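Single-structure report; data block below.
Model, not experiment: these values are computed from the prediction.
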Amino acid sequence: MNGQNRKDITPGIEVEIVLKADQRSGKLTSGVVKDILTNSSTHPHGIKVRLTDGQVGRVKVIKSK
């Protein structure tokens, strides 16, 4: 499942995000969602979230629901 729909993402789920610094390489970082930062219901590049460790990026893969 991709991370383009806000309704699919809730705090506490495990996701893979791409950090701003890694956008060119596409390197993914795994973590657990703490906050959802995107207000719109969808976003073509992925919903922006903050992980529990403080990293911020756009969701590319939702691992667990």
Q) If you round to the nearest 0.5 Å, how far is CG of N2 from NZ of K60? A) 9.0 Å
Q) Does K7 offer a backbone N or O that forms a donor-acceptor pair with the side chain of N5 under 3.5 Å? A) no
Q. Just wondering, do I9 and I62 contact through their side chains at under 4.5 Å, heavy atoms?
A. yes
(Q) Rounded at 0.5 Å granularity, tell me how far CZ in R6 sits from CD in Q4. (A) 15.5 Å
**Q.** Shortest non-hydrogen contact between I36 and V49, atoms and distance
**A.** CA-CG1, 4.3 Å
Q: Can you run down the ring-ring contact (aromatic ring centres under 6.0 Å, His included) pairs that involve residues 3-42, sequence neighbours left out, and say none if there aren't any?
A: none
Q) Should I13 and L51 be counted in the same cluster of Ile, Leu, Val, Met, Phe, Trp and Tyr side chains packed under 4.5 Å apart? A) yes
Q) How does the hydrophobic cluster around V32 look, that is, which other residues are in it when side-chain heavy atoms under 4.5 Å mark a link? A) none
(Q) Per the side chain to side chain donor-acceptor pair (under 3.5 Å) rule, what does the pair list look like for residues 31-51, sequence neighbours excluded? (A) D35-R50
Q.
Between I17 and D22, does the side-chain contact (heavy atoms from CB on, under 4.5 Å) criterion hold? Intermediate values first, please.
A. CA-CA 10 Å; I17 66 169; D22 296 331; over 6 Å; no
(Q) Tell me every residue that passes side-chain hydrogen bond (donor to acceptor under 3.5 Å, both in side chains) with Q23, counting only those two or more places apart in sequence or in another chain. (A) none
Q. How would you list, by chain and number, every residue that makes a side-chain hydrogen bond (donor to acceptor under 3.5 Å, both in side chains) with T52, sequence neighbours excluded?
A. none
Q.
Please list all pairs meeting side chain to side chain donor-acceptor pair (under 3.5 Å) that have one or both residues in residues 24-33, counting only residues at least two apart or in different chains.
A. S30-K63
